[in-house]
Amino acid sequence: MKDVTSVLRHPVISEKTYALMERSVYVFVVDPKATKIDVRHAVERAFGVKVDKVNTMNRKGKATRNRRTNTVGHRPNTKRAMVTLHPGDKIDLFES
């Protein structure tokens with residue numbers, strides 16, 4: 001996992017993540033095979049900041065049902081990383 005784009009997929013946009021951004025915690029959807037060290041290096045390279053801590057979580061996809069044919073499917077499983085930055089560092093993701 002050397003390439004930044006292969007590790008970081010996209011940031012998570014929600015009310016909870018906006019509240020976390022005020023405390024220098026950013027949430028990204030990452031590659032399921034990526035380790036915490038891979039995520040740390042990718043964020044530091046992509047945004048030029050110093051990372052203090054990385055927490056990862058594997059989220060199982062929800063089961064879905066097709067109403068017409070009554071078949072059961074699943075949303076994809078995802079892996080998320082909560083990245084805590086060094087005090088004073090900031091990622092300008094959504095500020096204009």
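Between the CE atom of Met21 and the CD1 atom of Ile13 there is a distance of 7.5 Å, given to the nearest 0.5 Å. The NE2 atom of His10 sits 13.5 Å away from atom OG1 of Thr5, with the distance rounded to the nearest 0.5 Å. Rounded to the nearest 0.5 Å, atoms CZ (Arg40) and CG (Asp38) are 11.5 Å apart. The distance from atom CZ of Arg67 to atom CZ of Arg65, rounded to the nearest 0.5 Å, is 6.0 Å. Ile91 CD1 to Phe47 CZ: the interatomic distance, rounded to the nearest 0.5 Å, is 5.0 Å.
For residues 50-61, every residue pair satisfying the side chain to side chain donor-acceptor pair (under 3.5 Å) rule, not counting sequence neighbours, is listed here: Asp52-His86.
Using a distance-only test at 3.5 Å, with no hydrogens or angles considered, a donor-acceptor pair links the side chain of Thr17 to the main chain of Val12.
Residue Asn77 comes nearest to Gly61 through the heavy atom pair OD1-N, 2.7 Å, listed as atom of the first residue, atom of the second, then distance. The two residues Val39 and Ala34 have their closest heavy-atom pair at CG2-CB, 4.3 Å. Of all the heavy atoms in Met82 and Val27, the pair that sits closest is CG-CG2, 3.9 Å.
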Which is it for Thr64 and Val72 under the side chain to side chain contact (heavy atoms under 4.5 Å, CB included) test, yes or no, and what are the steps along the way? CA-CA 6 Å; Thr64 59; Val72 178; over 6 Å; no
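One hydrophobic cluster, built from ILVMFWY side chains closer than 4.5 Å, cannot hold both Ile37 and Val29; they sit in different ones.
Side-chain contact check for Val25 versus Val83: every heavy-atom pair is 4.5 Å or farther apart.
A salt bridge links Arg9 and Asp31; the closest N-O separation between the charged side-chain nitrogens and carboxylate oxygens is under 4.0 Å.
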